[in-house]
Engineer: 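Have a look at this one before I ask anything.
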There are 2 protein chains.
Amino acid sequence: MKVEKVDRRVKYTKYMLKEALVALIREQHISTISVKALCEKADINRSTFYVHYSDPYDLLNQIKNEVLANVMLYLKEQDQDPTGSNFQLTTILEYAKKNSELFETLFSENCDYVFQDDILELSQIISSQYNMDMDETAKKYLKEFGTSGCISVFERWLQDGAKESPEYISEFLKKALQGGIMCFKNPE
Amino acid sequence: MKVEKVDRRVKYTKYMLKEALVALIREQHISTISVKALCEKADINRSTFYVHYSDPYDLLNQIKNEVLANVMLYLKEQDQDPTGSNFQLTTILEYAKKNSELFETLFSENCDYVFQDDILELSQIISSQYNMDMDETAKKYLKEFGTSGCISVFERWLQDGAKESPEYISEFLKKALQGGIMCFKNPE
DNA sequence: TTGTAATCCAACATTATGTCTATTATAATG
DNA sequence: CATTATAATAGACATAATGTTGGATTACAA
C-alpha cells in the first residue's frame, strides 16, 4: 500500500466541500443542490470543485465510501471480521450512535437513498446468518421483508435521536427477523 | 358534486403530458427530466405545460393522486370500505396486478419515492388491524418494521412481474406481520 | 356562426453548467 | 531561505434550461 502524500490545500478544499454538502443536505434534497450554492457555502471556487468532483452526487458518493470505510475500520478495531457472517450487529449500531447526527443526515430522504443500497448488502449478510429452510419464493420475499424492515427501523432509530441502546435495537431486529422466519419454516 | 366539463383540448394536453412523463420515468430519474424534453416527447408547447403544472414533480403528484383515487374507486366497486380497517388487502394487490406495468414504474426508484409515502398510510391501516399489546417502544419499531417490509415486498413483487397471485402475497404479508408480532406480545 | 379560451410561437432576461486560461497563493523540497 | 511545483482563484465563455410574456392562431362549446 503506497502512502500518497496529499497536499494540505487539497485536504482543506475537500474538507470544506464535504462539510458544506452535509450541511446543505440537512436542509434540502441533494438533487436541488447546485454546484454554485455548494461552493459559496464552502467558500471554494467553483472551478476548483470541478477539479475534484463531477457533481454533488459524486461528492456524496465519496463521502459515503469514506463513512463505510470508517465503519469497517471500527469493526476491525473491535476485532470483528466484516466479511464474516457472525460479527455483532451491535457494533455497527454502536458506531452509528456515536455519529448519529451525521448518520441521520446521510440516511435521510434528502440523500436520495444513496446509503441505503450499501446497507442493504450488510443486511443481507445478517439475514444469511439465519437458517431459512423454506420454499424459494417465500425465502425471496422474506429476505426482502426482513432487510427493508431492518433498514427502516435503523433509520427510525436515528431519526428519533438514537435513544435506545445499540443492544436493544440489535436484539429487537434479531427477534423480529426470527419471528418472521419461524412462521414460514418447513418442519425439520 | 358539480360536474365541471373539461375542454377536450385540456384533456388532450394533460393526457399527452402524463403519458410522456411516465414513459420518461421508465428510463430516467424524475429529477433529471427537463420540462423541455418532456414537452418535446409529448409534442406539447412548453408554455402550455406551465399553464397546468409548475414542474415535472407537480405533474407526477397529480398522476399519483389520480392513481390513488382509482384504487379507492376500485375498492368501492368491490363493496369495500377504504376507510374501514377490515378491507381486503388482496383487492388492492389485485388492482396493482391489473395495472402492474404502471405500478412498477411509479414505485421504481426513478419516481423519487413519491408513491411510497401514501402507501405507508395504507400500510398503517393494515397494521392497525392487529392487536399489538406490548410496550410502546417495541410497538413503534415493530410498526416501522412491518410497514416498510410490506411495501418492499409489494415493490419486489411488481418488479419481478407480479407473478404470484394477489392472494399469495396477501397471505404472505399477513403471516410475516403476525410472526413479528407474536414475538413481542405480552402474555395475556 | 360567433365569442371564448386554449394552444402555439417567438422572444426575453435569468440562472446554472462545464470548460479554459492567465494569475496568484501556497506547499514541498533542497 | 530560495526555488520549484502545483493547487486555487478570478474571470470569461458558450451552452442550455428555466419561467414568463404578448400576440397570433386555432379549436371548442353553445
Engineer: Could I get the full list of side chain to side chain donor-acceptor pair (under 3.5 Å) partners for B/Arg26, not counting sequence neighbours?
Structural biologist: B/Thr105
Engineer: Hydrogens and angles aside, do B/Asn45 and B/Ser47 bring a side-chain donor and acceptor to less than 3.5 Å of each other?
Structural biologist: yes
Engineer: In residues 37-66 of chain B, which residues come under 4.0 Å of DNA chain D by heavy atom?
Structural biologist: B/Arg46, B/Ser47, B/Tyr50
Engineer: Indicate the ring-plane relationship of A/Tyr168 and A/Phe172, choosing parallel, tilted or perpendicular according to the 30° and 60° boundaries.
Structural biologist: parallel
Engineer: Could you pull out the closest heavy-atom pair between A/Ser148 and B/Gly149, with the gap in Å?
Structural biologist: OG-CA, 3.4 Å
Engineer: Under the criterion side-chain hydrogen bond (donor to acceptor under 3.5 Å, both in side chains), I'd like the reasoning laid out for A/Gln116 against A/Glu155: C-alpha separation, chi angles, the key distance, then a yes or no.
Structural biologist: CA-CA 10 Å; A/Gln116 274 74 353; A/Glu155 285 170 15; 2.6 Å; yes
Engineer: What residues, two or more places apart in sequence or in another chain, satisfy ring pair (Phe, Tyr, Trp, His ring centres under 6.0 Å) together with B/Phe115?
Structural biologist: B/Phe107
Engineer: Using the side chain to side chain donor-acceptor pair (under 3.5 Å) criterion, which residues pair with B/Gln159? Sequence neighbours excluded.
Structural biologist: none
Engineer: Please report the distance, rounded to the nearest Å, between CG in B/Leu17 and C1' in C/dA6.
Structural biologist: 13 Å
Engineer: For the helix from C/dT1-D/dA30 to C/dG30-D/dC1, what angle lies between the axis at the first five pairs and the axis at the last five pairs, to 10 degrees?
Structural biologist: 40°
Engineer: Determine: side-chain N/O of B/Ser34 to OP1/OP2 of D/dA16, distance under 4.0 Å, yes or no.
Structural biologist: no
Engineer: Assess, by modelled atom type and distance only, whether the side chains of B/Tyr50 and B/Asp55 contain a donor and an acceptor separated by less than 3.5 Å.
Structural biologist: no
Engineer: For the residue pair B/Tyr95 and B/Tyr74, does the interplanar ring angle fall in the parallel (under 30°), tilted (30 to 60°) or perpendicular (over 60°) class?
Structural biologist: tilted
Engineer: What string of B, S and - do you get for nucleotides 25-30 of chain D 5' to 3' if you count protein non-hydrogen atoms under 4.0 Å?
Structural biologist: --BSS-
